[in-house]
Trainee: 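I'd like to ask you about the structure that follows.
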Number of protein chains: 4
Amino acid sequence: MSITEKRHTDPERAQSRRRQVLDAAALCFSRSGFHGASMAEISKAAGMSAGHIYNYFDGKDAIIAAFVEEEVERVALLLRDLEQKDDPLQAIVDESDNSVDEHMAPDFWRLKLEIFAEASRNPKVAAVMVNADLRMRTQFRAIVKAGRERHGLAADDATIDGRLEATIALFQGLALRALHHPELDKAALKRAYRVGLGALLLS
Amino acid sequence: MSITEKRHTDPERAQSRRRQVLDAAALCFSRSGFHGASMAEISKAAGMSAGHIYNYFDGKDAIIAAFVEEEVERVALLLRDLEQKDDPLQAIVDESDNSVDEHMAPDFWRLKLEIFAEASRNPKVAAVMVNADLRMRTQFRAIVKAGRERHGLAADDATIDGRLEATIALFQGLALRALHHPELDKAALKRAYRVGLGALLLS
Amino acid sequence: MSITEKRHTDPERAQSRRRQVLDAAALCFSRSGFHGASMAEISKAAGMSAGHIYNYFDGKDAIIAAFVEEEVERVALLLRDLEQKDDPLQAIVDESDNSVDEHMAPDFWRLKLEIFAEASRNPKVAAVMVNADLRMRTQFRAIVKAGRERHGLAADDATIDGRLEATIALFQGLALRALHHPELDKAALKRAYRVGLGALLLS
Amino acid sequence: MSITEKRHTDPERAQSRRRQVLDAAALCFSRSGFHGASMAEISKAAGMSAGHIYNYFDGKDAIIAAFVEEEVERVALLLRDLEQKDDPLQAIVDESDNSVDEHMAPDFWRLKLEIFAEASRNPKVAAVMVNADLRMRTQFRAIVKAGRERHGLAADDATIDGRLEATIALFQGLALRALHHPELDKAALKRAYRVGLGALLLS
DNA sequence: CATGAATGAGGATTCATTCAT
DNA sequence: GATGAATGAATCCTCATTCAT
C-alpha cells in the first residue's frame with residue numbers, strides 16, 4: 001500500500017519512469033491478467049529492463065497495488081465532477097447511458113475483474129480497494145444525501161446507505177454482465193437502468 | 001467446452017471418482033483460489049494421487065471448467081424452483097432479503113469472483129459461463145415475461161431484456177459490494193433492493 | 001535443522017536419492033562453495049532434475065544443513081572408536097600423525113572452512129554445529145577425564161575443560177594452516193603436535 | 001594479487017577515497033559478510049556512488065582483496081612489537097591471556113572466518129593471504145629461533161617450523177572455538193593455553 | 001486402476017557492473 | 001571527478017504434467 005518511493009535525483013524522470021511501468025502494466029494486465037503478465041512482459045512493454053523496474057517498485061505486488069490505486073483515483077475524480085453539477089442525482093440518471101457504455105467497454109471491465117479477483121486474494125490490494133471504496137462512497141453519499149433532501153425525499157442514514165450500495169452494485173454489476181453476455185442489447189439495458197436508477201435515487 | 005469424458009471400464013466408479021475430485025476442488029478453490037490451489041493440494045484432498053486425476057480430467061483447466069459448470073448448474077436449479085411459484089415476480093421481490101444474504105455469503109462471493117476472473121482469461125471457462133448464463137437468462141426471461149404480462153405491464157422483447165439484465169446485474173453486483181464494503185448495513189441494503197427490484201420487475 | 005522428511009512410498013529409494021543429492025552436494029560444495037554451487041549444478045551432479053531435489057529437501061539451506069549434520073556425525077563416530085581404546089589419551093598422542101594428515105587433506109579442510117563460514121552467517125547451520133560440537137565435546141570430555149584420572153593427573157572440571165578446548169582448537173586450527181601454508185613441512189608439524197598434545201592431555 | 005592502482009590526477013585524494021571505501025567495507029563486511037554486503041550497501045556507507053567505486057577498485061573482488069591485505073598487515077605490525085621485547089617467547093606465554101581474548105572477540109573471529117572462506121575460493125585472496133602468512137611466519141620464525149637458542153633449546157629448522165606452525169594453529173583455531181562453543185570457559189582456556197604454548201615454545 | 005517419482009519450463013528477484021551525463 | 005540510471009545474467013524455487021511400474 002505504501003508506495004516505496006526510492007530516492008531519485010531527478011524526481012521528474014522517476015515519475016515518468018513509473019508512468020511508463022504503470023502504462024505498460026495496464027496493457028499487460030488487461031492482456032494477460034495480473035498473474036499471467038510476467039515481469040519480463042511488463043518490462044518489455046515498458047521499454048526498460050526487468051531489473052530496473054525494481055528501482056521504482058518494490059515488486060510485482062507493488063505494481064499491482066499502485067496500479068489499482070490509480071484506477072481507483074480515477075473514479076474519485078469522476079465523482080468530483082459529478083458533485084459540481086446542478087442536480088447531480090438527475091444527472092446520474094440522465095447520463096447513465098454514458099456510464100453504461102463506459103462500464104461495458106472491454107478494456108474497462110476486464111481490468112476491473114482482474115482487480116476484483118486480485119483483491120479477493122491479496123490483502124494488500126484488498127486494503128487499497130476497501131479504502132478507495134470508502135472514499136468514493138463518502139463522496140457519493142454526500143451527493144445523494146444533498147440531492148434527496150433537495151428533492152424532498154427520505155434522507156435518513158439507513159435509506160441513504162441502502163440506496164447508495166444498491167446503486168453502486170448496479171454499476172459494478174455491469175462488468176459481470178459484459179462478461180456473461182457479450183451481445184446483450186445495450187439500448188434496452190440503458191432504458192432499464194434509467195428506471196432502476198430513478199427508483200433508487202429519486203424515489 | 002464439452003468436457004472430454006474418457007473411456008473407463010466401470011463408468012459408475014469413474015463418475016464417483018470425478019465427484020471426489022470436484023468436491024476436493026471445491027474445498028481447495030475456495031481456500032486458495034483457482035491458481036493458488038495446486039494439483040498436489042487437490043489430489044491430497046481428493047484422496048487420490050495427482051497423476052491419477054489426469055485419468056479423469058484433461059488437466060487443471062478442465063477441472064476448473066467442470067467445477068464452474070457445476071456451480072452454474074446450481075443457479076439454474078434455483079430458478080426452476082422460482083418458476084413454480086404462483087407469482088414469481090413478486091416472489092423475487094419478497095424473497096430478495098434471502099437472495100441478498102446468499103449473494104453476500106463470503107464463500108459464495110469469493111468463489112464467484114474466482115470464477116469471473118478465470119472466465120475473463122480462460123476461453124473455455126468463459127464459454128461455459130456464457131452458455132450457462134444464456135440458459136439461466138432464458139429461464140428467467142420466461143418468468144419475467146409471463147409475470148409482466150400477468151401484471152399488465154409492458155412485455156415487449158426489448159423491455160424484458162433490459163429489465164432482465166439490470167436485475168441480474170443488481171444481484172451479481174452484490175459480490176462486488178461484499179468485497180469492497182465488508183461491513184455494509186445489510187438491512188438498509190435489503191430495503192433498497194426491494195425498491196430497485198420492484199421498479200425493474202413490476203413497473 | 002529439522003530434516004523435513006516428506007513421505008515417500010519407498011523409503012529406501014528415498015534414502016538413496018537423498019544420498020545422491022548429498023554426495024553431489026559434497027562434490028559441488030567443495031568445488032564451488034555453498035553459495036557458488038547452484039542448485040542446477042548440484043542437480044546435474046546428482047543425476048536428477050533441480051525441481052526433484054525439492055521433493056527430498058526443503059531448499060538449498062536444508063541441503064547445507066543436512067550436509068553439515070552428516071559431516072558432524074562422522075566425527076562422533078571417530079570419537080566412539082577412540083573411546084574403546086585401552087589408553088585413549090595416549091592413543092590420541094600416538095595417532096596424532098594420522099589425525100594431522102586427515103585434517104590437512106584438501107577436500108577435508110576446504111569443506112570445513114565452507115561449513116565454518118556458513119555457520120558464522122546462517123543461524124540454522126550454526127545451531128547444527130554448536131549442537132554437534134556439544135555432543136562431540138561431551139564424548140571427548142569423558143575420555144579426557146577418565147584418562148587423566150587414570151594417569152593420576154589433575155581432573156577438576158575447569159582443567160579438563162580448558163585442556164579440551166585447547167586440544168580441539170589445535171586440531172581445528174589445522175584447516176587454517178593448510179589454507180595459509182600449503183607447503184608446510186608436515187613431518188615437523190607432526191612432531192610438534194605430539195609435544196603440544198602431550199602437554200595438553202598428559203601433563 | 002597486485003592491486004591495480006588506476007591513474008588519478010590527484011593521487012592524494014584518490015588515496016583518501018580508497019580509504020573511505022575500505023572503511024565502509026570493513027563495516028559492511030563485518031555486518032553482512034563479503035557476499036552479503038552489496039556494492040550498493042558499501043557505496044552508501046562510503047558516501048560515494050556505486051559507480052564511482054569502480055574508479056578506485058577493479059570490482060568487488062578487488063575490494064575484498066585490498067581489505068584482506070590490510071587486515072593481514074595489521075598482524076604483521078603486532079609481531080613487530082613482539083620482536084622488540086626482551087624475552088619474546090616468554091612474553092607470548094605471559095601475554096597469552098590477552099591474545100586469547102583478542103582472538104575470541106566476535107568482530108575479530110567473524111571477519112577472520114569470512115576471510116578464510118573467501119580465500120578458500122578466491123585465488124586472488126588466497127594469494128594475498130598465503131603471502132601475508134609467509135611474511136608473518138618469517139618474522140615470527142626469527143623470534144622463535146632467537147628465543148629458543150637463547151633458552152638453549154633445540155633450534156634446528158624442522159623443529160622451529162613445526163613448533164611455529166603448531167603455535168599458529170593453536171591461535172587461529174581460537175576463532176573456530178568461538179564459533180562452535182560461544183560460552184566456553186575462557187579462564188580455564190587461558191590456563192590451558194599457557195601450558196600448551198609453554199610446551200610448544202619453551203621445551 | 002493407481003501411484004508418486006521425475007521432469008523442465010517459467011517466474012520473480014538481486015546485484016555487480018557499465019556508461020551517458 | 002562523480003553520479004545513479006540502466007542492464008541482464010544468474011539464482012532459487014514452484015508446479016502442471018507425464019510415465020514407468
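Model, not experiment: these values are computed from the prediction. So you know, we letter chains A, B, ... as the sequences are listed, proteins then strands, and number each from 1.
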Trainee: Does A:Phe34 or B:Ala50 map to a spot on DNA chain E nearer the 5' end, using the closest nucleotide for each?
Mentor: B:Ala50
Trainee: In whole Å, what is the span from the CD1 atom of B:Ile53 to the C1' atom of F:dC19?
Mentor: 16 Å
Trainee: Between D:Phe116 and C:Phe116 (judged by ring centroids, cut-off 6.0 Å), do the two rings come close enough to count as a pair?
Mentor: no
Trainee: How do C:Lys60 and A:Asp10 order along DNA chain F: which one's closest nucleotide is nearer the 5' end?
Mentor: A:Asp10
Trainee: With a cut-off of less than 4.0 Å, is there a side-chain N or O of C:Thr9 near OP1 or OP2 of E:dA5?
Mentor: yes
Trainee: Any side-chain N or O of A:Tyr56 under 4.0 Å from OP1/OP2 of F:dA5?
Mentor: no
Trainee: Can you see if the side chain of B:Ser49 gets near the phosphate of E:dG4 - specifically, an N or O under 4.0 Å from OP1 or OP2?
Mentor: no
Trainee: Provide, to the nearest angstrom, the distance between the NZ atom belonging to B:Lys44 and the P atom belonging to E:dA2.
Mentor: 20 Å
Trainee: Counting only side-chain heavy atoms from C-beta out, which of E:dT3, F:dA5, F:dT17 sits nearest to B:Met39?
Mentor: F:dT17
Trainee: Expressed as a whole number of angstroms, how long is the span from C:Met48:CE to E:dG4:C1'?
Mentor: 15 Å
Trainee: Which is more 5' along DNA chain E, the nucleotide nearest A:His35 or the one nearest C:Arg13? Just name the residue.
Mentor: C:Arg13
Trainee: Spell out, as yes or no, whether a donor-acceptor pair under 3.5 Å connects the side chain of C:Lys60 to the backbone of C:Phe34.
Mentor: yes
Trainee: Rounded to the nearest angstrom, tell me the gap between atom CD1 in D:Ile42 and atom P in E:dT17.
Mentor: 11 Å
Trainee: Which base, if any, makes a Watson-Crick or G-U wobble pair with E:dG4, both distances under 3.5 Å?
Mentor: F:dC19
Trainee: Hey, is the side chain of C:His8 poking within less than 4.0 Å of OP1 or OP2 on E:dG4, counting only N and O atoms?
Mentor: no
Trainee: Let's see if you can work this out: which of F:dG1, E:dA6, E:dA2 has an atom nearest to the side-chain heavy atoms of B:Asn55?
Mentor: E:dA2
Trainee: Over all strands shown, is B:Ala14 touching base, sugar-phosphate only, or nothing at heavy-atom distances under 4.0 angstrom?
Mentor: nothing
Trainee: Starting at CG of C:Asp58 and ending at C1' of F:dC12, how long is that distance when rounded to a whole Å?
Mentor: 14 Å
Trainee: Considering only F:dG1, E:dT7, E:dA12, which nucleotide approaches the side chain of A:Tyr54 most closely?
Mentor: E:dA12
Trainee: Considering Watson-Crick and G-U wobble pairs with both distances under 3.5 Å, what does E:dG10 pair with?
Mentor: F:dC13
Trainee: Nearest heavy atom decides the nucleotide; on that basis, is C:His52 or D:Arg17 closer to the 5' end of DNA chain F?
Mentor: D:Arg17
Trainee: Can a donor-acceptor pair be found, under 3.5 Å and without considering hydrogens, that links the side chain of D:Gln20 to the backbone of D:Ala46?
Mentor: yes
Trainee: Keeping A:His8 on the side-chain end and A:Asn55 on the backbone end, is there a donor-acceptor pair under 3.5 Å?
Mentor: yes
Trainee: Using only atom types and a distance under 3.5 Å, with no angle test, would you say the side chain of D:Ser32 pairs donor to acceptor with the backbone of D:Phe29?
Mentor: no
Trainee: What integer distance in Å separates D:Ile63:CD1 from E:dT17:C1'?
Mentor: 12 Å
